[in-house]
Every structure is written in C-alpha cells, then in structure tokens.
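Ligands are counted one by one from 1 in listed order, and the atoms in each one are counted from 1 as well.
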Amino acid sequence: MTTGSLVIVGTGIQYGTHITAQAERFIRAADKVLYVIPGPWAEAWMQSLNVTAEPLIPLYDNNKRRLDTYGQMVERIMTAVRQGLHVCAVFYGHPGVFVLPSHAVIKQAHQEGFPAFMCPGVSAEDCLFADLGVDPAVSGCQSFEATDFLVRHRRYDPYSSLVIWQIGVIGHLGKTATKEKRGIRMLAEVLAADYGRDHEVIVYEAAPHPDYISRIEPIPLYQLPEARLMSISTLYVPPKGEKPVDEERMTTLGLTVDDIIKEW
Ligand SMILES: C[S@@+](CC[C@H](N)C(=O)[O-])C[C@H]1O[C@@H](n2cnc3c(N)ncnc32)[C@H](O)[C@@H]1O
C-alpha cells in the first residue's frame, strides 16, 4: 500500500507571476491539491494546474475564531494524506510566513509518520523590500504580528526597520479587516512614544495582481488611526535615525567609522 505524503508550497503574493517553478511542479504532480488563496482568480488558476484542486477558504467564517478554522484546515489536509494520497497544500505568499496551519499540519504529519516538507515562496515582506527599496542589511529589520506586538510588549530597536503585519485585524479573531479603531489607535500611541507622533510610516499593500499597482501610503504616525486598512495591509516603520556605534567594539574589530559607512 502506498503511503500518503505532504508538500506545502506558496504561490507568492502576485497572481501568476511569483509562483516558483518548484511550487508549480508539486501542484501539477499531486494526487490532491488543497489551497488557501484569496482573490477571484484563485479557483480557475488552481484548477488549470490540477483538476483535483479544492479551496479551503470556505472554512473561514467571521463568527468563528481563526484558530478553529486553522484546526479544520489541518484536519482536512491530514484526511487526504491518511487516504494514501500525495497531497500538495497551497498557501499564498510564503507558505511558512505568518501561516499557522502550514506549520501545524507538517508537525501533525510527522507525528503520524508521514513524509512532509515545505518549499519557500515570495512573502509580502519580500515585496516590501523591493517596492520600498529597503535592504535589511542597512539597519536590520524586525517583524512582528500587530496584536502580539501590543499585548506582549515586544521589545524592538527604533533605529532598525520595523515591519508590523496584520494591522487591519488587530485584536480581531475572525478573518476580515475590522472597522474597530482601538487596536490601530493603541499601535499608533505605542509607536509614537518611541518615534514621535510626526514620524512618517508607510501603509503598504503589494499588488496582488499584475494589473494592479502596490499601495504605498506614507503618513505621519498621528494619522495612522484614520488610514484605510485592509486585511492585506502591512505597516513599515523606517528607523528613526542612525544608531551611534560602540567605539570600543569598533577598535577591537580593527574598524573605523569610515569602514562602516563605505561598507553600507
Ligand atoms: C496571514 S498573513 C499571510 C502572509 C503571507 N503568507 C506572506 O508570505 O506574505 C496575512 C498578512 O500578510 C500581510 N500581507 C498579505 N498580503 C499582503 C500584500 N499584498 N501586501 C502587503 N502585505 C500583505 C498583511 O500584513 C496581512 O495581514
């Protein structure tokens, strides 16, 4: 009897253009494809790659906690694997970046003795680096989920780039963006305490389709609560300036300030 297996792949952010050759090959070769890709073009696209493709998006329900939906996704994927099928589960972006069920289902498959692995993909943060011209080598880059950032008082360095994900669903356990402003107001206040209320931040949405353009909206922090936020909005907070170097460490490493500036 053949044993089931699982591969998790991502489509990238932009429909049809970001998918890797590796991901496409696994989708085409699978006995069963299950996918979590938003957008009206997802169904026809996945069907054109593999006729077994079945959407898991209908499992979402705004009256249900996202965690419960994720549990159901894991179960649906595992049911196909347990049937002895070679299953390909497809998520948008990078399938392992801010995607709880992809990691959970790999863990579950391993626990049950099935081969399972993940392939990388193009994430929203990859698009942000390209669209905003940000290189994380220059000042470092910190990434946080918005609600987690607030409720756990995550520590960060304001002299380093900061990316905050899921700003459209702060404190919201369902799926769609919330009109409730208290989360985004809290985020703006927390950031203003370190950066000042006039610090310019960027509301960013990478174009999900080649016919669209990315939304790049610079605004001062004090206006953030008024910004139009979607479930795909991400916040980029540029560093508040250049961090002074530790001269003792520079000397120990045989470096001068000039070396550092020339290097970057
Ligand atoms: C559940 S996560 C999925 C991330 C995805 N797996 C990836 O690799 O980018 C959803 C969050 O990703 C970010 N995101 C998704 N699509 C985006 C886009 N087109 N532009 C900017 N950020 C996006 C937003 O912060 C959104 O709230």
Flag the pair Phe149 / Tyr156 as yes when their ring centroid distance falls below 6.0 Å, and as no otherwise.
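When the ring centroids of Phe149 and Tyr156 are compared, they turn out to be within the sub-6.0 Å range.
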Are Trp165 and Phe144 close enough that their ring centers fall under 6.0 Å?
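Between Phe144 and Trp165, which both carry aromatic rings, the centre distance is not below 6.0 Å.
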Aromatic plane relationship, Phe26 with Phe117 - under 30° parallel, 30 to 60° tilted, over 60° perpendicular
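Rings of Phe117 and Phe26: perpendicular, as their planes differ by over 60°.
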Within 45° of the six-membered ring axis of Tyr222 and under 6.0 Å from that ring's centre, is NZ or CZ of Arg197 located there?
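Flagged: Arg197 positioned over aromatic ring of Tyr222.
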Under 4.0 Å from ligand 1, counting heavy atoms only: the protein residues, by chain and number
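For ligand 1, the residues that come within the 4.0 Å heavy-atom cutoff are Ile13, Tyr92, Gly93, His94, Val97, Phe98, Val99, Ser123, Ala124, Trp165, Gln166, Tyr204, Glu205, Ala206, Ser231, Ile232, Ser233, Thr234.
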Under 3.5 Å, is there a donor-acceptor pair between the side chain of Gln223 and the main chain of Glu226?
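No: the side chain of Gln223 does not pair with the backbone of Glu226.
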Can Ser143 and Glu125 be counted as having a side-chain donor-acceptor contact under 3.5 angstrom?
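Result is yes, a qualifying pair exists.
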